[in-house]
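Everything below concerns the one structure shown next.
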Amino acid sequence: TIRKKLVAGNWKMYKTLHEADAFAQELVEYRDMLSPSSVDALICAPFTALCGLGEKLKQVHVKLGAQHMHEAEQGAWTGEISAAMLQDLGCEYVILGHSERRQFFAESDEAVAKKTCVALDASMVPIVCVGESLSEREAGATQTVVSRQLGIVLEMLQLQKAKGALDGAFVIAYEPVWAIGSGKSSSAQDAQDVATLIRSLVTATLGQRAGEQVRIVYGGSVKPDNIQTYVQQPDIDGALIGGASLQVASFVALVEQVA
Ligand code: G3H
């Protein structure tokens, strides 16, 4: 396949600046293991740890990303962070619409869609998160929910494309909410089925090329000992990892398993 694998750590609200620096420093020893040409290794750090971290991670072949972003260019949005601010700090990626943002900070599908366009405009790679809750899964609504969450994003991207403004890669993360931080990961086959649906939705709205190029990653209780079962699936191109990305040894092991 033409798609490069992505191993993306999401640190969530963990690690002070000092702890983040120590993590990057410890990675130096694993430098060679982190540079396989088949994998992009990425850390999405808290805002407060971003400054200076990109340079340090670059030395060990790891990319830097953020976990959230506001869609406005600038303005009276107390506490928010813009695309330009993230770009300024060397962020190449930004996670958008993580289920924790949707659930606890009321982020709508529409806001996520706007942010996706803004991130692309700023030449950052958006990682758009989708996924069903436990009750939605039990009601057999997984495909409906994922299609709805992606619907507006793809519509807006289609408009961008029509304007000739859609260049640059994007990533879609399928994270079933019940699998996040629970130790209950989705079966690889179930994740593959949703990834197939996602790829077909992208192909249907943005065309064959976009469908082939979009990277789809799985998230939800991914560990070094199960990551391979996901990335072996034909439509799964990597993983978004919370808990297991916090320790150096397991982050390196995750990358090694995929390389
Ligand atoms: O963004 C990462 C996901 O929410 C997964 O978290 O690996 O701790 O289950 P987890």
Side-chain angles (χ1 to χ4, degrees), residues 5-15 19-20 23 39-47 49-50 62-69 86 91-107 112 115-116 119 124-134 136-137 142 145-146 149-150 153 170-188 190-192 194-195 198 215-231 233 236-258:
K5 297 274 192 272
L6 175 65
V7 173
N10 173 13
W11 280 354
K12 308 194 178 183
M13 201 173 71
Y14 291 98
K15 295 194 192 293
E19 289 162 347
F23 184 101
V39 186
D40 280 330
L42 167 70
I43 291 287
C44 297
F47 290 141
L50 292 175
V62 175
K63 293 169 196 285
L64 181 70
Q67 304 170 12
H68 163 69
M69 180 193 91
L86 295 179
C91 290
E92 291 181 59
Y93 289 74
V94 58
I95 297 173
L96 298 174
H98 189 279
S99 68
E100 286 147 20
R101 302 285 331 166
R102 293 176 186 266
Q103 206 180 337
F104 306 117
F105 301 92
E107 232 168 74
V112 175
K115 288 168 195 226
T116 305
M124 279 188 292
V125 179
I127 302 176
V128 179
C129 302
V130 295
E132 82 287 0
S133 66
L134 182 59
E136 289 164 338
R137 154 141 320 209
T142 300
V145 169
V146 169
Q149 289 172 329
L150 270 184
V153 175
F170 62 102
V171 177
I172 297 172
Y174 168 57
E175 297 205 314
V177 178
W178 49 271
I180 296 175
S182 64
K184 286 184 224 143
S185 50
S186 162
S187 78
D190 283 354
Q192 160 63 19
V194 179
I198 293 172
R215 288 189 289 180
I216 301 170
V217 301
Y218 166 77
S221 298
V222 173
K223 309 278 179 251
D225 65 7
N226 67 9
I227 193 168
Q228 263 190 13
T229 64
Y230 296 105
V231 299
Q233 303 300 316
I236 301 181
D237 308 305
L240 180 58
I241 307 114
S245 73
L246 290 167
Q247 280 83 39
V248 169
S250 75
F251 179 72
V252 173
L254 286 160
V255 178
E256 271 187 297
Q257 288 297 316
V258 174

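Ligands are counted one by one from 1 in listed order, and the atoms in each one are counted from 1 as well.
- The ring-ring contact (aromatic ring centres under 6.0 Å, His included) search around Trp178 returns none, not counting sequence neighbours.
- The side-chain hydrogen bond (donor to acceptor under 3.5 Å, both in side chains) check on Gln228 picks up Gln257, with sequence neighbours excluded.
- Protein residues lining ligand 1, listed by chain and number: Asn10, Lys12, His98, Glu175, Ala179, Ile180, Gly181, Gly220, Ser221, Leu240, Ile241, Gly242, Gly243 [non-hydrogen atoms, distance under 4.0 Å].
- How far CD1 of Ile127 is from CD1 of Ile216: 13.5 Å, rounded to the nearest 0.5 Å.
- Counting heavy atoms from C-beta on, the side chains of Val7 and Ile241 come closer than 4.5 Å.
- Looking at residues two or more places apart in sequence or on another chain, you find a side-chain hydrogen bond (donor to acceptor under 3.5 Å, both in side chains) between Ser133 and Ser135, Glu136.
- Relative ring orientation between His68 and Phe47 is described as tilted, the plane-to-plane angle lying within the 30° to 60° band.
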